[in-house]
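Starting from 1, each residue takes its place in the sequence as its number. Whatever order the structure lists them in is the order used to number ligands and atoms, beginning at 1.
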Amino acid sequence: MIFGIFSYAQVALGLLVVNIIYPLYRLRVNRQKAIATGLPYVYTAAYEWSVSWLLLRDIIHPVLQKLNLDWLVKYSGPSWNFYAKNTVHEKLGDIFCVVSPGGLSVFVGDPDVICEITKKRTKFPRPVKSVVKVMGYFGPSILSSEHDEWRFHRRVTNKTFTEPNHKVVWYDSLYQASAMRDEWISNLDQKTSTKEGIVFKMGSDCMKLALHVVTLASFGVQMPWTSQKEGPPPGYEMTFREASEFFLENLQFMAYCPKWLYKYGPKMCQDAGVAVKNMRRHMMELISIEDEKLQNGQDGKNLLSAMLQTDDPEARVHADQVHDSLSASKSGVRKDFVMGNSAIFLLAGHETSARSLEYALFLFAMHPDVQEEIFEEIDGILEGVGNIYDLKYEEVFPKMVKTSGVLYEATRLFPVTPYIPKSTEDVTNSWFIYKDKRYDIPPDSMVALNAIGVHYNPLYWPDPYTFKPSRWYQTHKQEPVKAEIQDTSRVSSSNFDAARLYKRGTYLGFGEGPRNCPGKRFAQVEIMATFLALFREHRMELVIEPWETRQEAFERAWGALQRSKMVITLNLFEEIKVRLVYRK
Ligand code: HEM
C-alpha cells in the first residue's frame, strides 16, 4: 500500500488512464471533429496552445529529437510552421486540420478564405481567453477584447493614430537612429583594429530604439539614447524605463505567472509583481500629467493624450456613476481604458517594430545590389539637405516608396507572427467557403491564418525565397504576378502605401481585415526615418570572414535568419556580423 490508501495497482491504473487512455480518447474525439469538417488532417502529440506544452516544449523537444521521436510533434514543435513555410500546404493542401489530444487546429493558407475569416470577425474571434490573457494586465484593451467591447476600443484607439502623432514618431526616430549610428561609427573609428567596426548589438539596439520611440509617442516620455543613470523617484522601486523593460522582456513568463505568487513566490515572481505595481503607478502618474496639461489647453500629441480627449460615450464615466481621480480623468474619461490601451501600444509597438527593423537591416546588408537602388531614392531626398531634422515628415515620407518596399519585403520573409491566431472560441456556426464548398469548423477550435504559408507561396510571390523589395513598387508589367491584383491603398490607413501589387490575403505582415494592425503607419514612419538617418552617408555590409567567399558568407547569414525562433514574435538568436562603412 502507498500513502496507506491506494495500492500500486490502483496508482498504475490511474496513471494509465490519465496519461494514455484519456489522451487517446481526446485524440479520437478531436479526430471525429476533423473528419466532420471534410478537410484533410494530420496528427500531433501535443496541442500547440496548451500552456504546459508552451512552457515545456523547449526542454522536451530536444529530448525527442535525440530519441528520433520528434515526428510525434511535427505539427506543434517549436516554430514548426515558420520552418515549414509553404511546403506544408504543398503536401496537405491549402487548408488542413492538426489533430491532437488537447484540441483541433485548422491551418489556412488560401488567401480568399483568409479574407473571409477576417471579415467574419464575430464567427472567428481572436482567442482572447486562451492566448492573450497577459494583455489584460493593465486594464481592458483593444488586444484583449472581442465582439462589441473590441469595437469600442478599436473605434477610439483608431482616432489616436493621427498625423501629428506620426510627426512625433518621425522626429524622434531621426534623433534616436542618428544617436545609434553615431555610437556605431565611434566603434568603427576608434576600435577598428580590434572590432573591425562590427555592429555587435544590432538586436538590442533596435529594441532600444523602438522602446524609446514608442514611449515618447505613447506616453510623452522622452528617453535620450544614452541614458543617464537615474534612480527611481521617491516611493517607487523601479524607474518607468526599468519597469517597462522588465515587463517587455519577460512577457512570456508574466503571461503564466499567477498573480498570487507576486508576493510570496520565487524571486522572479516577486520581481514581476514589483514591475507590474511600478508600471501601473508610473502610468497613472503619466495619465495625471497629460490630464493636467489638457486642462491647461496643451495637447501632448501622444496616444495617451489623444485617448483622454475622446468624446466617445462608452469611454466616459456617466453622470450617474460614482467616480474619483483614480477611475476617471478630469474630463470624465475612464482611466482603466486609457491605461489598458496605452500599455498595449507599448507592448504591440515595441518588439514588432524592433524585430522588423532588425530583419530589414540584416537583409539590406546582405544585398548590396538592393542597397544601390534604395540609395538612389535616399540620396534624391537628402540632396541639398544640411540638417537631417529639416526633413519634413509630410513631404519626405510619401516619397520613400522604394525604401518602404524594404520593410514590406522583410516582413514578408520574416513576419513577426508567422501565423495570425483566430478561433471559434465561445461561438457556434463558424464556416467558410473554399472552392465552392462550405466547411463548418467546430466550436473551440484554433484557426491559424498561415502568414508564412502564403508569404512563401510561389503562386503569389514568384521566387519566394528571394529578398526583392522591387516587387512592391515595380509596375505590374515589369513583374507579372499570377494572382488577381488589388489596389490595397484603399484599405490602408493612409493615402501613402507602396504596396499596390498584391492580392488581398497573400500578405499578412500587418494582419488583414478589421483587426489588422492600427500601428502600421506608425511603424512605417519609424523605420523609414531610421533608414534615412543610418544611410545618409553609410552603407551596411555583411562581414566576410577570411576563410569564406561572399556567397558562403551570404549563405551563413541566410541560414541564421532561417533558424529564427518564435518567442512571442519571431526572433533571431544567432549572430550575423555586419558593419557600417562610409559610402561617400
Ligand atoms: C513593423 C511593426 C509592426 C508589425 C509587423 C505589426 C504587426 C501586427 C500584426 C500582424 C497584428 C495582428 C493583426 C491581426 O490579428 O490581424 C497587429 C495588431 C496590432 N498592432 Fe501591430 N505591428 C507593428 C507595429 C505596431 C505599432 C507601432 C503599434 C502601436 C503603437 C501596433 C499596435 C497594434 C495593435 C493595438 C494591434 C491589435 C489590433 C486589434 O486587435 O484590433 N503595432 N500588429
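For atom 13 (C) of ligand 1, the nearest non-hydrogen atom from the set Arg515, Arg521, Arg355 comes from Arg515. Of all the listed residues (Gly509, Pro415, Ser218), Gly509 holds the heavy atom that lies closest to atom 10 (C) of ligand 1.
When atom types are taken as modelled, the side chain of Trp170 and the backbone of Leu391 share a donor-acceptor pair closer than 3.5 angstrom.
Protein heavy atom closest to atom 20 (N) of ligand 1, with residue, atom name and distance, is Cys517 SG, 3.2 Å. Nearest protein heavy-atom neighbour of atom 19 (C) of ligand 1: Pro518 CD, 3.7 Å. Atom 32 (C) of ligand 1 has its closest protein heavy atom at Ala348 CB, 3.5 Å. Taking atom 37 (C) of ligand 1 as the reference point, the nearest protein heavy-atom neighbour is Leu143 CD1, 2.9 Å. Nearest protein heavy-atom contact of atom 12 (C) of ligand 1 is Arg126 NH2, 4.1 Å. Counting only heavy atoms of the protein, atom 26 (C) of ligand 1 lies nearest to Gly349 CA, 3.3 Å. Nearest to atom 4 (C) of ligand 1 among the protein's heavy atoms is Phe510 CE2, 3.5 Å.
Ligand-side atoms of ligand 1 in range of Phe161: 29 (C), 30 (C), range being under 4.0 angstrom from any heavy atom. Proximity to Thr417 (heavy-atom distance under 4.0 Å) selects the following atoms of ligand 1: 10 (C). The ligand atoms of ligand 1 that sit less than 4.0 angstrom from a heavy atom of Ile142 are 35 (C), 38 (C), 39 (C), 40 (O), 41 (O). Interface atoms of ligand 1 facing Glu512, defined by a heavy-atom separation under 4.0 Å, are 16 (O). In the vicinity of Trp150, heavy-atom distances shorter than 4.0 Å reach the ligand 1 atoms 39 (C), 40 (O), 41 (O). Every atom of ligand 1 with a heavy atom of Ser356 under 4.0 Å away is listed here by number and element: 1 (C), 5 (C). Set against the non-hydrogen atoms of Ala523, the atoms of ligand 1 under 4.0 Å away are 1 (C), 2 (C), 24 (C).
Looking only at atom types and distance, the side chain of Glu358 has no donor-acceptor partner in the side chain of Asn571 under 3.5 Å away. For Glu163 and His166, the side-chain atoms include at least one donor-acceptor pair closer than 3.5 Å. Side-chain contact, Tyr473 with Glu377: no donor N or O sits under 3.5 Å from an acceptor N or O. Side chains of Asn457 and His89: no donor on one and acceptor on the other come within 3.5 Å. Side chain to side chain, Gln309 and Lys159 fail the donor-acceptor criterion of an N or O pair below 3.5 Å. A donor-acceptor contact closer than 3.5 angstrom links the side chains of Tyr359 and Ser564.
Annotation: side chain of Thr411 is in contact with side chain of Tyr507 (closest heavy-atom distance under 4.5 Å).
Among Phe219, Phe161, Phe522, the single residue meeting the ring pair (Phe, Tyr, Trp, His ring centres under 6.0 Å) criterion with Phe345 is Phe161.
Atom-to-atom distance recorded for Asp110:CG and Asp94:CG is 5.0 Å, nearest 0.5 angstrom.
Under 4.0 Å from ligand 1, heavy atoms of Thr352 appear from its side chain as well as its backbone. Residue contacts with ligand 1 for Arg154 involve side-chain atoms from C-beta outward but no N, CA, C or O (heavy atoms, distance under 4.0 Å).
Across every non-hydrogen atom of Lys123 and Ser430, the tightest pair is O-OG, 2.7 Å.
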